[in-house]
Number of protein chains: 2
Amino acid sequence: MSDSVPDIVIGRLPLYLRALARLEQDGVPITSSHELGAQLGISSAQIRKDLSHFGEFGKQGTGYQVPYLREQLARILCVDRDWTVAVIGAGHLGRALAGYKGFGPRGFHVDVIFDNDPDIIGTQIGGLVVKPGESMVEELRARRIEIAMIAVPAAAAQSVTDRVVAGGVRAILNYAPIRLVVPDYVHVQDIDPVIHLQHMTYYLRT
Amino acid sequence: MSDSVPDIVIGRLPLYLRALARLEQDGVPITSSHELGAQLGISSAQIRKDLSHFGEFGKQGTGYQVPYLREQLARILCVDRDWTVAVIGAGHLGRALAGYKGFGPRGFHVDVIFDNDPDIIGTQIGGLVVKPGESMVEELRARRIEIAMIAVPAAAAQSVTDRVVAGGVRAILNYAPIRLVVPDYVHVQDIDPVIHLQHMTYYLRT
DNA sequence: GTCAATCTGTGATAGAATGCACAAACGATT
DNA sequence: AATCGTTTGTGCATTCTATCACAGATTGAC
């Protein structure tokens, strides 16, 4: 076990965690790799093999205790604690992110939001006062921000990224439609809905 | 060429298209698989092989004509035309999607938005009047909507999906944190920022 | 015209991910 | 205690993916 687990496996763990949280909420005490797989559209063998990278969590003949496996996955993914998040950019997207109710319950707390527009700086968004971009590095450090969500235009994204990294952030959720250049120790995940749309339109031919 | 191209290859084409659009805007007339790869963090060989599934678009010794390759990729992905989109759910997320300026220029036009809340129905969002959920199937058909973006709570997502499919939609961008069950001919792409965040937190273990 | 430098497209190869299938283990039932 | 149905964890085979490396084509310099 635990000998540099493939990134593609890590990417599936949050899906397992989400399904388990759902089962737990529904009061299901025990599940199986088959049930999980059916719910996620993933083969049961794959789920068992993925989990085996980290240990043995089930019982033969029975399956998995839902709360126990959820706890273990949360521990593995390091989401058995809270994380501090900054939103960069207070346009439509930034405001939606700052106001999104789905982050808090899953342990991600938006503590601060930045923008460069003088008309927006100082206004309130979801209980947060918009801070000026110039104060970003100090603010990020002072508040011990660990994750940044970048919601600025493509043209500004790289320079904003450089400052976010200077502020000590090591994980970036990037909504800008460009590839960000970051040091090796910084992780980036990209979200661009248009990319997903174009992926689907390929199959809509005819 | 064209003998059932792997889906993973299709998924990269929008990235190539995005990079080419950027180069074209910057007035770069010619590029190479090396330059594209450097910009995207993908090996040049991979780009050449991906493109080779669809034909020969470059010239040896020279590279690729940016406008020509962009056109060809747009044609392959079927984004050399416009698409009609519906947003389902007029909460924070639905409103952000309906107001997002990044869809139109890339050929995706939000024509209608639905919600079930009587207080929201009839209000205006980004120039659109919110329609009631009951009228969904007829409205989707009447407007020939091709793509739906689902931005409703998890509990409502599956029943909404069933109606969207009944309305003739064959592609769904799903923001709800559950796996949607759809007929084979319907395509689904999921977006859940929390999944991406949890993917990164794994690596933030110190 | 010749040569060096460059770049594409692709066959071959190495590598990674997935699915299969079974031994071992467990609980329920008789 | 014996049996049956179920489920895990895993070695193995298969399939899928990515990379290597080179022939052939093109350009530009001299």
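Every chain is numbered from 1, with letters handed out A, B, ... down the list of sequences.
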- Message: Walk along nucleotides 24-30 of chain C from 5' to 3' and tag each nucleotide B, S or - by protein heavy-atom contact under 4.0 Å, base first, then sugar-phosphate.
- Response: BBBS---
- Given C/dT6, is OP1 or OP2 found less than 4.0 Å from the side-chain N or O atoms of B/Tyr64? no
- Message: Rounded to the nearest 0.5 Å, what separates atom CZ in B/Phe114 from atom CD1 in B/Ile145?
- Response: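 Taking CZ in B/Phe114 and CD1 in B/Ile145, the distance rounds to 7.0 Å.
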- Could you tell me the separation between the CG atom of A/Asp115 and the CD1 atom of A/Ile88, rounded to the nearest 0.5 Å? 10.0 Å
Distance in angstrom units between [X] [atom1] and [N] [atom2], rounded:
X       : N     : atom1 : atom2 : answer
B/Tyr68 : C/dT8 : OH    : C1'   : 14 Å
B/Leu51 : C/dC7 : CG    : P     : 16 Å
A/Leu69 : D/dT8 : CG    : C1'   : 12 Å

Is it true that [X] and [Y] make a salt bridge, defined as a side-chain N closer than 4.0 Å to a carboxylate O?
X        : Y       : answer
A/Glu146 : A/Arg81 : yes
A/Arg75  : A/Asp80 : no
A/Asp50  : A/Arg12 : yes

- Residue pair B/Glu56/B/Gly63 against DNA chain C: nearer the 5' end by closest nucleotide is B/Gly63
- Just grab all the salt bridge (Lys or Arg N to Asp or Glu O under 4.0 Å) pairs involving residues 17-28 of chain A, residues at least two apart or on different chains. A/Arg18-B/Asp192, A/Glu24-A/Arg70
Atom pairs under 3.5 Å, N or O on each side, protein against nucleotides 28-30 of chain D: can you list them with distances?
none

- Any sub-3.5 Å donor-acceptor pair from B/Arg95's side-chain atoms to A/Ala96's backbone N or O?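 No; zero donor-acceptor contacts below 3.5 Å.
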Residue [X] excluded, over 12 heavy atoms near [atom1] under 6.0 Å:
X        : atom1 : result
B/Gln65  : CD    : no
B/Gln158 : CD    : yes
A/Arg144 : CZ    : no

- Expected list for residues 31-40 of chain B near DNA chain C, using heavy atoms below 4.0 Å, is B/Ser32, B/Ser33
Protein-nucleic acid N or O pairs under 3.5 Å, nucleotides 16-20 of chain D:
{"from": "D/dA18", "atom 1": "OP1", "to": "B/Arg12", "atom 2": "NH1", "distance (Å)": "3.3"}
{"from": "D/dA18", "atom 1": "OP2", "to": "B/Arg12", "atom 2": "NH1", "distance (Å)": "3.3"}
{"from": "D/dA18", "atom 1": "OP2", "to": "B/Arg12", "atom 2": "NH2", "distance (Å)": "3.0"}
{"from": "D/dA18", "atom 1": "OP2", "to": "B/Gln46", "atom 2": "NE2", "distance (Å)": "3.0"}
{"from": "D/dA18", "atom 1": "O5'", "to": "B/Gln46", "atom 2": "NE2", "distance (Å)": "3.4"}
{"from": "D/dT19", "atom 1": "OP2", "to": "B/Ser43", "atom 2": "OG", "distance (Å)": "3.2"}
{"from": "D/dT19", "atom 1": "O4", "to": "B/Lys49", "atom 2": "NZ", "distance (Å)": "3.2"}

- Message: Give me the atom names and distance for the closest heavy-atom approach of A/Leu40 to A/Leu15.
- Response: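 Between these two residues, the closest heavy atoms are CD2-O, 3.8 Å.
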- Item | Non-hydrogen atoms of B/Leu97 and B/Phe103 that approach each other most closely | O-CE1, 3.6 Å
With a 3.5 Å cut-off and sequence neighbours excluded, list the donor-acceptor pairs that the side chains of residues 167-174 of chain A form with protein atoms.
{"from": "A/Arg170", "atom 1": "NH2", "to": "B/Leu204", "atom 2": "O", "distance (Å)": "3.2"}
{"from": "A/Asn174", "atom 1": "OD1", "to": "A/Ala176", "atom 2": "N", "distance (Å)": "2.9"}
{"from": "A/Asn174", "atom 1": "ND2", "to": "A/Ala176", "atom 2": "O", "distance (Å)": "3.0"}
{"from": "A/Asn174", "atom 1": "ND2", "to": "A/Ile178", "atom 2": "O", "distance (Å)": "3.0"}
{"from": "A/Asn174", "atom 1": "ND2", "to": "A/Asp190", "atom 2": "OD1", "distance (Å)": "2.7"}

